[in-house]
Amino acid sequence: MATEQAPSNAHTPQQQQQQQQPQQPQQPQQPQQDENKEARNVGSQAGQALEKLQKERSASHNPKGPDGGYDATPIPKAPPGYTVKITFHRATNLPLADITSLSSDPFIVAQIFTGLPTRHKEDPPLQLRTKTIRQNTNPVWNTEWIVANIPAGGFKMKCRIYDEDATNHDDRLGNAHIAVGQIEGNWSDIKDQPYQIKKSPGSKRAYFLQGVAVCLGKVDHMSGTLYVSVEVLGRTEGDNGGRAYTVGPQYWIKHQSPMLGRLLGQKVPGEDTEEGKPKAQRYNFQANQMQLRGPVPEAMYHRYVEFKPFVKSMFTSKGIKGVLLWKALHHQHVRVYNFDSHTQYEYFKESSEDITLKFLDLVHYDQGGRIFTYVITLDALFRFTETGKEFGVDMLSKHTMHSDVSVYIAFSGEFFVRRRKHRKGSDSEEGGDNKTHPPEDIDGGPPSDAPKKDPTYYELIIDNDSGTYRPNAQLLPQLKLFLEASFPGLLIKTLDCQADAEEMNKMKDEQRERKKREGENIIYTQASRSSSMSSSDIEELDRLEAAGEYPDQHFRHQMLREVEARAGAAKAHMKEYNPSNLRKGWKGPSKMTREGMERMVDEEDGPKVEEGAEGRAVEGDAAQQYGKSAP
């Protein structure tokens, strides 16, 4: 597995003083039923440590800011705000963005701006993407968004409505702006209020089709409307209201891409059929997102590391090289976390073990010895995909791609899941003989049996192995508390990628060895229109691979094979090319005899391939396979 390389941690004494690590506050023991409350208190506990650290660093503070990694800048102080529930009900009379279906696939991307000062100007605003409603110009979402610490002065919200297009860029259908003033005192809630959708930022093609529909009497008018409700739920808990964050609802999104799966050689296990037999194998690359309950601990705040001169320009999108690198990584993020008709997007009603079971399902329990790369954003959005050695070639930077080139994140690294012989908290566990799979073979689960559906049998091993952001190892206990509150019943173990390097590498090697042993038995599912390949193309590639004619799975091998085939066909064509053939074709034979007509046909068809010319025959087949003649 290719791990992002970071330079040595050698610093001058002044830099070492600037990069002192926060002291870990003592965490009181809490019963399991209070885990959610404990997670909400992690931020305030971390804030106390940050205040102490700020006093220690005040004399040596660098006005230019940190050069990367852990950033001890505290959240600006503000009075506790209000918890607000926003509901996106529906939209009416949206334009027709798809000419084939004469409809749209609308979704909303909403951003909240509170006016609260941020730790740094690069901190992103709170954002929510709704589900996509398929082929409907009058969509109904009824999506709720609960945000804490909205200041008494209110907030502004910008809602961008898009038409989802998995094979191209999403077309914007318009914007709606919502301004909420003072919300303290006797403020009355906004209930199902209409807001006009502005057409100016929308797709010109979509509104042209809308105009045609109006002329034909299919649509009453050009303007669309968005209906939204805003309800104040009360004061937000805590002493510092300087940071707004998402409370709920918690949700999960499963992105699927057969095209990326084929290019990267990635496969995802699927469910069995009703007869208990595994489904047919299909390539599929899976990316996952889970919105956890905020806030993340205040101390979990990390900036990208400027270990190369070009890194800053890449994250800030400045200069030609920086803009190109930013666009490349952003494009990778969009393709990996692509939305299409096969994307699964569901909400959790409340925090429970159902969230833990869904997480275990997304990582396929302890099957296949998988290792995952993850990023936790500042608003507690947990993104992760399976990682492997091929990612070091095909993706410029794993964690940068997952973060969508974000300057600041909460935490990043790698993790994997193991199944324990004895469940968490059992008497047998205290006996000490608690083997795990991997590396041991344990009855009652993979590879021979179905996974156990009890989260107390599983252990999440998570680290801070990220050269891009270099998360602070002393914050791993706070990460553990946050994840224990987010995934009830799951045992959490943290590893420091430096202090625990030997143990971490040993366990990851065991995961890779298990993947080699169990990977051949994995079954795969789901096609997706996010790929430019049709279902018939995929079936043909599956047939060629089964016949032994398509052994190379890596993207590099596929490109080389296509280039070689086209180059070979072009060489064969040039060897037989005769410019006089063109002149003869225009002039024609002097006498239109039977022999003259046969000669014209032979010249137009090109040189014949003899039976023994194996090389040319293969080249001709290659050109025919790609559906194009030689240049």
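For clarity, every value in this text was computed on a predicted model and none was experimentally measured.
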Does Asp163 reach the main-chain N or O of Asp171 with its side chain, forming a donor-acceptor pair under 3.5 Å?
no
Students often mix this up, so state it plainly: with edges at 30° and 60°, are the rings of Phe415 and Phe372 parallel, tilted or perpendicular?
parallel
From CA spacing to verdict: side chain to side chain donor-acceptor pair (under 3.5 Å), Gln286, Gln256
CA-CA 5 Å; Gln286 177 181 322; Gln256 303 175 98; over 6 Å; no
Pair Tyr374 and His402, ring centroids less than 6.0 Å apart
no
Min side-chain heavy-atom separation Pro125-Gln111 under 4.5 Å:
yes
Is the shortest heavy-atom distance from the side chain of Arg129 to the side chain of Gln289 under 4.5 Å?
no
Is any side-chain heavy atom of Leu479 closer than 4.5 Å to a side-chain heavy atom of Ile376?
yes
Are side-chain heavy atoms of Phe107 and Asp170 found at a separation under 4.5 Å?
yes
I would like to know whether Phe339 and Tyr162 meet ring pair (Phe, Tyr, Trp, His ring centres under 6.0 Å); could you show each step before the answer?
CA-CA 12 Å; Phe339 285 82; Tyr162 290 92; over 10 Å; no
Any idea which heavy atoms bring Gln182 and Gly153 closest together, and the distance?
NE2-CA, 3.8 Å
Go through the steps for Thr377 and Asp379 under the test side chain to side chain donor-acceptor pair (under 3.5 Å), then give the verdict.
CA-CA 5 Å; Thr377 70; Asp379 196 33; over 6 Å; no
Assess the pair Tyr408 and Tyr301: is the distance between their ring centroids shorter than 6.0 Å?
yes
For residues Arg119 and Pro76, determine if any side-chain heavy atom of one lies less than 4.5 Å from a side-chain heavy atom of the other.
yes
Looking at Tyr347 versus Tyr345, is the centre-to-centre ring distance below 6.0 Å?
yes
Given side chains that start at C-beta, do those of Tyr251 and Met290 come closer than 4.5 Å, heavy atoms only?
no
Thr83-Thr236 side chain donor-acceptor pair, cut-off 3.5 Å:
yes
Looking only at side chains, do Thr87 and Ser229 share a donor and an acceptor under 3.5 Å apart?
no
Testing the 3.5 Å rule here: is there a donor-acceptor pair between the side chains of Thr132 and Glu164?
yes
Taking every non-hydrogen atom, the tightest pair across Gly238 and Pro80:
O-CG, 3.3 Å
Taking atom types as modelled, find out whether Lys199 and Ser223 have a side-chain donor-acceptor pair closer than 3.5 angstrom.
yes
Quick check for you: to the nearest 0.5 Å, what is the distance between Ile197 atom CD1 and Arg160 atom CZ?
14.0 Å
Other residues, nucleotides, ligands: >12 heavy atoms within 6.0 Å of Lys453 NZ
yes
Rounded to the nearest 0.5 Å, what's the gap from CG on Leu94 to CD1 on Ile133? Could you check?
11.0 Å
Do other residues, nucleotides or ligands put more than 12 heavy atoms under 6.0 Å from Phe113 CZ?
yes
Centroid separation Phe487 to Phe482 less than 6.0 Å:
no
With side chains defined as the heavy atoms from C-beta onward, is the minimum distance between Phe359 and Leu490 less than 4.5 Å?
yes
Does a salt bridge link Lys191 with Glu231, judged by any charged N lying under 4.0 Å from a carboxylate O?
no
Per the side-chain hydrogen bond (donor to acceptor under 3.5 Å, both in side chains) rule, which among Asp192, Asn138, Thr225, Asn136 passes with Arg90?
Asp192
From CD1 (Ile108) to CG (Leu128), nearest 0.5 Å
8.5 Å
Does any donor atom in the side chain of Ser466 or His399 lie under 3.5 Å from an acceptor atom in the other side chain?
yes
Are any of the side-chain heavy atoms of His302 and Phe411 separated by less than 4.5 Å?
yes
Checking Arg383 against Tyr337 for the side chain to side chain donor-acceptor pair (under 3.5 Å) test, could you report, in this order, the C-alpha distance in whole Å, the side-chain angles of both residues, the deciding distance, and whether it holds?
CA-CA 9 Å; Arg383 297 186 181 127; Tyr337 290 96; 5.4 Å; no
Check against salt bridge (Lys or Arg N to Asp or Glu O under 4.0 Å), Glu346 and Lys131:
CA-CA 9 Å; Glu346 298 295 338; Lys131 289 184 178 181; 3.6 Å; yes
Honestly, is Arg303 close enough over Tyr469, meaning NZ or CZ under 6.0 Å from the six-membered ring centre and within 45° of the axis?
no
Might you point out which heavy atoms bring His177 and Tyr195 nearest each other, and give the distance in Å?
O-CD2, 3.8 Å
Do Asp404 and His330 have side-chain N/O donor and acceptor atoms under 3.5 Å apart?
yes
